[in-house]
Each structure stands twice: as C-alpha cells, then as structure tokens.
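Shown next, in structure tokens, is the structure this report addresses.
Below, chain A is the first sequence line, B the second, and so on; all start at residue 1. All heavy atoms count here, side chains included; hydrogens, waters and symmetry mates do not.
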Number of protein chains: 2
Amino acid sequence: MPSPDDDAKLKMEDIAREAGVSIATVSRVFNRPGVVHPDTLARVKEIASRLRYTPNLTAGSLAGNRSRIIAAVIPTITNSIFSETIDGLSTVLTGRGYQLLLGQTSYRDDQQAALIETFLGRRVDGLVLTGITRDRKVRTRLKSARIPIVETWEFGANPIDMLVGFSNEKAGAAAADYLIGRGYARLGFIGGSDQRSGARLEGFCHAVAAAGIAPCRIVRIPSPSPSSVMAGSQAIAQLLHERPKPDAVFCSNDMIALGALVECQRRGLNVPRQLAVMGFSDLPIAKAVAPSLTTVQVGAMDIGSQAATMLLEKIEKGHIACKRVDLGFSIVARESA
Amino acid sequence: MPSPDDDAKLKMEDIAREAGVSIATVSRVFNRPGVVHPDTLARVKEIASRLRYTPNLTAGSLAGNRSRIIAAVIPTITNSIFSETIDGLSTVLTGRGYQLLLGQTSYRDDQQAALIETFLGRRVDGLVLTGITRDRKVRTRLKSARIPIVETWEFGANPIDMLVGFSNEKAGAAAADYLIGRGYARLGFIGGSDQRSGARLEGFCHAVAAAGIAPCRIVRIPSPSPSSVMAGSQAIAQLLHERPKPDAVFCSNDMIALGALVECQRRGLNVPRQLAVMGFSDLPIAKAVAPSLTTVQVGAMDIGSQAATMLLEKIEKGHIACKRVDLGFSIVARESA
DNA sequence: TTGAAAGCGCTACCAG
DNA sequence: CTGGTAGCGCTTTCAA
C-alpha cells in the first residue's frame with residue numbers, strides 16, 4: 001500500500017505507466033492539451049488527479065528553458081506604494097500561470113546588484129525593477145542578460161528594455177503649478193532622499209522658479225525612514241521655523257503629508273487656510289482623513305499590472321509593439337490644498 | 001570573439017575547461033568552497049568572474065533536490081500588517097541565500113489551494129502560511145507534502161507542522177479588559193470578516209461577558225475592503241446610532257481605528273473623553289496621529305523573521321527543537337483610550 | 001496523435 | 001582534494 005506521502009515522489013513516468021502512454025504524452029496533457037486525443041487526455045488527467053500527481057516545475061523549467069517566474073526588485077515592501085505595485089504584478093502574473101519572486105534592496109545599491117544576480121541565476125523569465133538603475137555595471141549586465149526587463153516608477157530616456165511609469169519631474173512641477181495657481185506663494189517641499197523624490201523636487205523647484213516666486217524651502221528625509229508619518233511631522237516643524245513661513249507645502253508622499261497634517265492639527269494650525277498641504281500617491285487614506293488630502297495620483301497598482309502585461313507579451317510573443325508606457329499622473333484636488 | 005551576451009549561455013563545463021579542472025570541482029567552488037584547494041579555488045573564481053559566469057540555480061535545484069526557495073501565501077500584500085511580515089521573511093531569507101516566492105489569496109480559499117499546489121509543484125523548500133487553514137483537503141495535502149511549513153498569525157492547537165503567532169482570542173480579551181479597566185462600560189467592536197478578526201471578536205465578547213457588563217455592539221466589515229480607513233469611518237457612524245451609545249470601541253486593525261478617529265474628529269467628538277478608540281497592530285502611524293492611538297502590538301515583522309528562522313533551521317538541520325512559538329502581544333496605552 | 005530518445009546544467013556519490 | 005559519471009524530472013524534436 002502506498003504511503004500517504006508518495007505523491008511527493010510521483011513522476012510523469014508513473015502516470016505514463018499507469019495510463020499506458022509515453023511520458024511525452026503525459027507532458028503534452030499538461031502543456032498542450034489541445035494536441036492530444038480527447039480520450040487519452042481524459043484518461044491521463046483522471047489518473048493524475050487520482051494519484052495526486054503534481055508536475056515538477058523545476059524539472060520543467062530546466063528542460064524547457066523557461067521558468068515561468070518573474071522577479072521584482074523593490075526598495076521596500078513596507079512602503080504602501082510599492083505594495084500596490086506588487087499587488088498589481090502578482091495578480092496579473094498569477095492569473096496567467098506565472099509566479100512572482102520578490103526581493104527588497106532597502107535602498108542599497110549593493111543589495112540590488114546581488115539580488116539581480118541571484119534572479120538571473122534563477123533564470124527568471126522577466127524582471128521588474130523599481131526606478132531607473134544608474135549603476136553602469138548593472139545596466140550592462142542586465143542588457144546582456146537578454147531577458148525582458150521593465151523599469152518602473154520613472155520615465156527616463158534610455159531604458160534597458162521596457163519602461164512603464166510617469167515623469168516624477170513633471171509631477172513635481174504640476175504640484176507646484178497647482179499650488180501657485182491656488183494663490184500660494186511661499187512654497188515648501190518635504191521629501192525622501194531617494195532618486196524619485198529628488199526628481200519631484202527638481203520639477204517642483206523649476207516650476208517655482210519659472211513662476212518667478214521665491215525659491216522653495218526644502219527638507220529631505222533620509223531613506224529608509226522608520227516612520228514616514230513621524231518624519232513628516234518633524235519636517236513640518238522644521239519648515240515652520242523658516243521666515244517668511246511657507247503657506248503651502250508639497251510632500252513627496254502621502255504618509256509624510258499625513259504627518260504634516262497631524263502636526264498642524266496638533267499646533268492648531270488650520271489646513272489649508274494657514275498652511276496648505278499636498279501629498280503624493282493618493283493612497284486610500286488620503287481621501288479618508290480630515291481634511292482630506294490633495295495629492296498627486298499615480299496608479300501604483302496600474303504600474304504593476306502594466307509591467308506584468310508587457311513582460312508577458314514580450315515573453316510569449318517574443319517582441320512588443322510599445323516598449324514605453326507613460327501612465328501619467330493627475331492632481332486630485334481635495335480639502336488640504 | 002564572444003558576443004556580449006554569451007554569459008547567459010555559459011555553463012560549468014566552460015569554466016571547468018578554462019580552468020583545467022572538472023565540473024565537479026567548479027560545482028564545489030560555488031557550494032562548498034571550504035573543501036577545494038585554495039589555489040584551485042582562486043583560479044576558478046577568477047575565471048568565473050572574468051567570464052561573468054552565473055550558475056544556473058534551476059539546474060542546481062533539480063539535481064540537488066533543493067530549491068532554496070521559500071514560498072509565502074498571504075491574503076493581500078496591500079495590508080501593511082502583512083507587508084511587515086513579508087519584510088521580516090524576506091530580510092532573513094535573502095541574508096541566508098534563499099529566495100521568496102510570493103502569492104496572494106485575496107481571502108479566497110480556492111485561490112489559496114491553487115497557489116499552494118503551484119508552490120508545491122515548484123518544489124519549494126518551505127512554505128509560510130497566513131493563519132490556520134481550515135480546509136481539510138489542503139491540510140491533508142500539506143501534511144503529506146513533507147516539507148517544512150509554518151503557519152503564522154494565529155496560535156491554534158493542531159498545526160500542520162510549525163507555528164508562530166499569538167492568540168487572537170486572548171488579544172481580543174486583553175483589549176476588552178484594558179478598556180473595562182479604564183472604566184469604559186459600553187463597548188463596541190469593529191472588525192473585518194476574516195477568521196483572525198473573528199477570533200479577536202470572540203475573545204473580546206467573552207471578556208465583556210465575564211466582566212458582567214452589557215454585550216458589545218458589533219460591526220463587521222467584509223474582506224477584502226477597498227479602504228479600511230473609509231470602512232472604519234462608516235462603521236463608527238453606524239455604531240454611533242446605537243442606544244445607549246458606546247463609550248469605547250475596539251477596532252480589529254489600526255487602519256479601521258484611524259478611520260474611526262477621523263470620523264470622531266469630523267463630528268467634533270472628543271477622543272477619548274466622549275469615545276475611546278483602540279486599534280490593533282501598532283502600525284507606525286498609530287503613534288504618529290493625534291490623538292495617538294492606543295493599540296495592541298503584535299510584532300508583525302517578528303512573525304516573519306521568526307517564521308523564516310524556524311523554516312531554515314528545520315530545512316538545514318532536519319528537525320527543530322521548538323515547533324510552536326507564541327510571540328504574544330502587548331497593549332500599548334496611548335491617548336485614544 | 002503518439003513514442004523514443006537526446007538533452008537541459010548541475011549535484012552528489014564513489015574512486016582515486 | 002579532485003575527477004568521472006549517473007542521474008534529477010521534464011520538454012522537445014523527429015519519426016512513425
């Protein structure tokens with residue numbers, strides 16, 4: 001009598017023998033059911049499920065030179081904005097029979113390079129990167145890897161392969177323009193020290209300069225930060241010391257903005273009358289707080305689904321019509337600014 | 001001259017030939033460097049890195065019957081609390097040369113079963129599950145899979161294999177006792193409809209009953225919910241209609257509590273004087289909001305690191321001293337209750 | 001529509 | 001410490 005854990009050691013050969021067919025046929029049953037005779041198909045399927053057979057995907061990957069694994073490299077999963085992207089990725093991939101291998105860099109370049117190397121060693125079918133990697137060596141390595149790659153969350157000029165995102169610089173500029181258009185004239189900026197926040201800051205400052213108003217006050221928070229909310233509160237406190245006091249502040253993410261909001265509330269400062277606060281990302285919480293948060297919406301989840309879709313198209317069709325997708329962004333005007 | 005993408009097709013054989021050793025030795029250089037002669041080691045390493053050779057981990061997995069992949073199954077990555085667990089998992093695993101395969105169930109049992117089947121097919125070295133799976137078939141399947149498994153976020157009686165978490169029921173009871181101890185007597189509960197929230201509710205109600213005060217008012221939010229914060233606001237509005245009005249409410253997660261807080265603020269209700277609000281999880285935001293949120297701290301990240309550590313011990317040593325780890329919880333008293 | 005057989009690239013055992 | 005080599009379980013021609 002077979003022991004209850006025999007299913008773990010079952011192989012195609014066992015199914016083939018039981019069904020009186022070759023292992024090639026069993027393989028086809030799982031991979032191209034369309035080409036096997038209906039009767040054979042039914043019989044093999046029945047036996048496989050009765051014996052609780054699960055094909056060994058590792059062996060399949062090796063033989064087929066195709067892993068059905070996509071790897072994603074993100075700074076940290078703990079940031080809601082990246083979790084949403086992962087959610088989008090994961091949902092599309094799972095739905096199409098692929099799996100997601102996840103790695104965090106903690107904003108460290110050496111970590112990133114190491115992760116990429118491991119994923120390449122795993123022979124993943126595709127790679128999703130957060131942001132544009134500046135590291136020349138990594139870029140070269142990636143290009144010669146000859147696998148579909150999509151860079152996300154930024155929209156630069158020379159992608160390694162594919163690209164889906166938006167221009168952080170333009171988004172920063174749009175935020176400034178929005179605030180200026182609402183009549184604010186002494187603008188502050190609070191942001192992380194990562195590259196994407198830097199781009200937003202750059203766009204923001206350019207727009208401020210272009211409008212001919214005084215240059216903006218800036219506070220940058222080191223990445224990674226234990227708590228963005230707390231950091232936002234502290235940053236706003238710092239900004240409030242400046243003279244003349246800013247009348248509006250743009251935060252490079254919603255959590256920081258939330259911290260700013262809380263700090264204003266704590267100090268009895270009316271938002272937006274005494275200080276306007278604007279966020280970035282449009283997390284679900286942005287519309288739920290009071291005052292609700294004016295923010296820049298960027299479709300974090302869409303970035304993930306789009307990246308997955310492009311990757312799969314390239315993997316399965318061998319090429320892709322459009323390698324660069326600009327998802328854009330939009331200003332969501334609410335109460336805080 | 002080799003084309004720049006030749007590295008992708010390089011195999012151990014190429015390195016072996018170049019170094020004048022056997023492929024067995026090359027394999028040892030990567031897996032057990034200690035047993036090869038220092039000179040050989042150096043030479044092989046130099047050649048491998050010069051040629052930009054990356055071992056094919058898939059082939060290694062098949063031959064070695066060991067994938068160095070751990071899979072995690074969570075309801076949704078979008079919930080900060082699970083991202084923290086994933087963060088803990090990922091950090092430990094990466095540090096020890098393992099990779100993380102991630103799958104979301106969206107709180108659906110069929111999805112969960114399908115994911116588990118795929119992961120098993122991938123021959124992962126270990127599996128991390130969120131919560132206790134009630135599905136008998138899945139449990140049986142998992143037991144016969146003979147791989148290390150750790151169930152998390154709950155502390156039940158008959159784990160499939162290993163267990164790390166805390167008792168949601170006791171945590172719920174502790175929350176009730178805390179509120180009762182502070183003098184509140186008309187308690188409300190707002191929670192998700194998942195199993196873990198259910199356990200917290202159960203503990204909460206038992207404690208209320210044990211204290212001999214009126215049974216608590218309950219609002220349950222369907223899972224998954226688009227925005228917990230929003231749902232919290234709506235739920236509190238609903239609770240506020242009850243007569244007599246509750247004087248304290250326990251929310252089964254911090255985001256819901258945050259929504260409650262915001263709604264109170266919106267209605268000009270003083271927290272905690274007119275209504276005490278208590279959360280669950282101790283997200284970073286809990287201590288940053290005003291009033292700061294009294295909550296139950298559960299070490300979501302620790303659950304992840306602990307799960308990874310146990311899995312690796314079992315994988316590498318073949319057995320583990322302690323299969324059940326109760327991480328406990330603690331009440332963090334702040335301003336809101 | 002099916003079968004036979006040649007690998008996929010590596011690990012691990014055994015000999016030396 | 002090193003080499004030879006038999007698989008790991010599957011996919012994929014090629015022929016039948």
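Taking 4.0 Å as the cut-off between side-chain N and carboxylate O, Arg108(A) and Asp110(A) count as a salt-bridged pair. Of the charged side-chain nitrogens involved, none lies within less than 4.0 Å of a carboxylate oxygen, so that Asp125(A) and Arg66(A) do not count as a salt-bridged pair.
The stretch residues 19-26 of chain B comes close to DNA chain D through Gly20(B), Val21(B), Ser22(B), Ala24(B), Thr25(B), each having a heavy atom under 4.0 Å from the strand.
Remark: Asn31(B) is in phosphate contact with dT11(C), judged by side-chain N or O atoms under 4.0 Å from OP1 or OP2. Look at Ser61(B) and you won't find any side-chain N or O under 4.0 angstrom from OP1 or OP2 of dC10(C). In this structure, Asn65(A) does not reach the dT11(D) phosphate: none of its side-chain N or O atoms is under 4.0 Å from OP1 or OP2.
The distance from atom CE of Met12(A) to atom P of dG7(C) is 20 Å, rounded to the nearest whole Å. For the pair Asn56(A) CG and dC8(D) P, the interatomic distance rounds to 12 Å; values are reported in whole Å. Rounded to an integer number of Å, the gap from Ile15(B) CD1 to dT11(C) P is 13 Å. Between the CZ atom of Arg68(A) and the P atom of dC8(C) there is a distance of 21 Å, given to the nearest Å. Atom NZ in Lys11(A) sits roughly 10 Å away from atom C1' in dC10(D) (whole-Å rounding). Straight-line distance from the CZ atom of Arg66(A) to the C1' atom of dT12(D): 11 Å, rounded to whole Å. One interatomic measurement links the two molecules: CZ of Arg32(A) to P of dT13(D), which rounds to 9 Å at whole-angstrom precision. Rounding to whole angstrom units, NZ of residue Lys9(B) and P of dG9(C) are separated by 9 Å.
If you check dT2(C), dT11(C), dT2(D) against the side chain of Thr40(B), the one that comes closest is dT2(D). Each of dT2(C), dC10(D), dC10(C) was ranked by its minimum atom distance to the side chain of Tyr53(A); first place goes to dC10(D).
A donor-acceptor contact shorter than 3.5 Å is absent between the side chain of Thr152(A) and the backbone of Gly165(A). Using a distance-only test at 3.5 Å, with no hydrogens or angles considered, no donor-acceptor pair links the side chain of Asn79(A) to the main chain of Thr76(A). No side-chain donor-acceptor contact under 3.5 Å links Arg123(A) to the backbone of Ser67(A).
Between Arg28(B) and Ala63(B), the residue anchored closer to the 5' end of DNA chain D is Arg28(B), taking for each the nucleotide with the nearest heavy atom.
Counting heavy-atom neighbours within 6.0 Å of Asp135(B) CG, excluding the residue itself, gives a total above 12.
Looking at heavy atoms from C-beta onward, Gln99(A) lies out of side-chain contact with Leu93(A) at the 4.5 angstrom threshold.
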